[in-house]
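Input: a single structure, listed below in structure tokens.
Scope of the values below: all heavy atoms of this structure, side chains included, with no hydrogens, waters or symmetry mates. Since we're looking at a predicted model, the values are computed, not measured. Letters A, B, ... are given to chains in the order of the sequence lines, protein chains preceding strands, and every chain is numbered from 1.
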Amino acid sequence: MLLSQLFTKTRKEALKDEVAKNAQLLIRAGFIHKEMAGVYAYLPLGLRVLSKIENIIREELNSVGGQEMLMTALQKKELWEKTNRWDDKVVDDWFKTTLKNGTELRLAFTHEEPLTNIMTNFVSSYKDLPIYAYQFQTKFRNELRAKSGIMRGREFLMKDLYDFSRSKEEHEKFYEKMKEVYMTIFKRLGIGDQTYLTMSSGGSFSKYSFEFQTITDAGEDTILYDEKTGVAVNKDDDSEDIFADFGIDRSSLDLKEARSVEVGDIYSLGEKYSKALGLTYKNEDGKEQYVYMGSYGLGLGRLMGTIVEALSDEKGIVWPGSVAPFTYHLLCLSKESRIKNQADKIYDQLRGKNIEVLYDDRDVSVGVKFADADLIGIPKQMIVSEKTLEKGTEAIEIKNRKDGTTTQGNVGDIEL
RNA sequence: CGGGGCAUGGUGUAACGGCUAACAUUCUCGGUUUGGGACCGAGCGAUUCCGAGUUCGAAUCUCGGUGCCCCGACCA
């Protein structure tokens, strides 16, 4: 893509109202637009990143049998009354609305009820299970206080997967598998090194649950973690007991404390929803059984914000290659036509190889080009200039955004 | 939901209760420049968040509203 045709522009200064580093940088670089507190639009660059995050998650979930679907944002009363969650005293952060005929509706903040209900149409035998269904969907939460840029919004994209298993054992096997799947996802997203599977006190249906916490100062949580073993616990739930319950000797660990962001969580739901909504199957003996469930969430915006928080530097964003909006940021450092022509050719060559490249073809000073490239944060900057042209018509210089190191090369050598 | 703070061109800031609301940047035009947000000149752009009040006179003081930010609580 030609940078001259991208409708967004970079800003030198952050907006006064935006304090969170992730939102400051993402707005300055033109990835997102703030619509109102806790509500952000994703602009072309931002959407590219979001889509890459989404695709990585999709690949990993599909690899363990996940089936993608898309549920509705509007939710009806009936199902939620059955699980006793319609009352404001139980769930107080719903956005509410009504049909013209007066029917009360609400905007989805999660999807256990509708999905469990859908499954009653299709599940009747043990042969139908297990099922792993997921979606990427906008969730709405009427937070009393939105904060931290795109890390905690009132409207945000979330991946939620639900497992429908025949038994607690079958569910737990999948639950364990999901721990690995999540860690693989975080590794691919470039935040694997600083993300810990963290023990915490349970949700409503089990004594304990697990969160995935990524270490960054921007976090809302505090965890205690041991670098060597990778064991971590939410500070709120730290006790000898919780370690003992997992068969770990707390005193053998070298626990450090750090602020962290909860980037994902996985829950056992048990039979709560299947009982309330009548989701059963017949086992091998023809006996009716309740389906055993679990839920697994990941906030896409929160992941994107966490990546920015964890990896950016004073010059701007530093994307991992896996989620960068483009693979290369091509900079032509001269207006001279022979050099410009060369850069144009190189741009065409890369596109011919289906390599994603953002080409800064603008007539602006070198300093502006470098500053923008550093701010936007594409990991590899490809430079064409008088210097490189002296070395040959295909010569280029690749500058690493992360550490500033450069290597010389030829376009012809570049592969996907 | 408790507490604190802020609101002035697109953006960031300034202005004692008193002249035509200032400066920087962005943007437009012209010139110069091209390996780190370069320079010179000219120009466009604001009923100072909204509403009331005090006053001869309000960006400035008072009250109400709205929005935004931060701390806490909350957070499947």
Quiz item: If the P atom of B/rG4 is compared with that of B/rU60, how far apart are they to the nearest Å?
Solution: 23 Å
Quiz item: Rounded to the Å, how far apart are A/D236 CG and B/rC75 C1'?
Solution: 12 Å
Quiz item: Rounding to the closest angstrom, what is the interatomic distance between B/rC49 and B/rG9 at atom P?
Solution: 7 Å
Exercise. Could you verify whether a donor N or O on one side chain and an acceptor N or O on the other, from A/Q213 and A/T198, lie under 3.5 Å apart?
Key: no
Quiz item: Base, backbone or nothing for each nucleotide of nucleotides 69-74 of chain B, written B, S, -, heavy atoms under 4.0 angstrom, 5' to 3'?
Solution: SBBBBB
Self-check item: Pairing partner (Watson-Crick or G-U wobble, both distances under 3.5 angstrom) of B/rC74
Solution: none
Practice problem: Indicate, yes or no, whether a donor-acceptor pair under 3.5 Å links the base of B/rG12 to the side chain of A/R28. | Solution: no
Quiz item: Under 6.0 Å between the ring centres of A/F164 and A/F122?
Solution: no
Quiz item: Between B/rA21 and B/rU8, how far is it from one C1' atom to the other, in whole Å?
Solution: 8 Å
Exercise. Would you mind reading off the distance between A/I383 atom CD1 and B/rU34 atom C1', rounded to a whole angstrom?
Key: 14 Å
Quiz item: Taking side chain as C-beta onward, heavy atoms only, is A/S322 less than 4.5 Å from A/I56?
Solution: yes
Self-check item: Under 4.0 Å protein heavy-atom contacts per nucleotide of nucleotides 21-27 of chain B, with B for base, S for backbone only and - for none
Solution: -------
Exercise. Tell me what A/K387 touches on the nucleic acid: a base, only sugar-phosphate, or nothing, going by heavy atoms under 4.0 Å.
Key: base
Quiz item: Mind checking the C1' distance from B/rG41 to B/rG35? Whole angstroms is fine.
Solution: 28 Å
Practice problem: Return the nucleotide paired to B/rA7: Watson-Crick means purine N1 to pyrimidine N3 with N6-O4 or O6-N4, wobble means G-U with N1-O2 and O6-N3, both under 3.5 Å. | Solution: B/rU66
Exercise. Mind running a 4.0 Å heavy-atom check of residues 370-380 of chain A against RNA chain B and sending the residues that fall below it, in number order?
Key: A/F370, A/A371, A/D372, A/D374
Self-check item: Between B/rG12 and B/rG51 - P atom distance, rounded Å
Solution: 22 Å
Exercise. Would you mind classifying the nucleic acid contact of A/E397 as base, sugar-phosphate or nothing, using non-hydrogen atoms under 4.0 angstrom?
Key: base
Self-check item: Atom-to-atom span, CG of A/D363 to C1' of B/rG31 - whole angstrom
Solution: 14 Å
Exercise. Kindly state whether the ring of A/Y208 and the ring of A/F246 have centres lying under 6.0 angstrom apart.
Key: yes
Quiz item: Taking the P atom of each, how far is B/rG30 from B/rG18, in whole Å?
Solution: 43 Å
Exercise. Look at the side chain of A/S385 against the base of B/rG35 and say whether a donor-acceptor pair falls under 3.5 Å; ignore hydrogens and angles.
Key: yes
Exercise. Would you mind telling me which of B/rG37, B/rG35, B/rU33 lies closest to the side-chain atoms of A/K335?
Key: B/rU33
Practice problem: Just call it for A/E262: base, sugar-phosphate, or nothing, with non-hydrogen atoms closer than 4.0 Å on any strand. | Solution: nothing
Quiz item: What does A/L15 touch in the nucleic acid at a heavy-atom separation under 4.0 angstrom: a base, only the sugar-phosphate, or nothing?
Solution: sugar-phosphate
Quiz item: Atom NZ of A/K340 to atom P of B/rU34: distance rounded to whole Å?
Solution: 18 Å
Self-check item: Length of the line joining A/D360:CG and B/rU34:P, which is rounded to integer Å
Solution: 18 Å
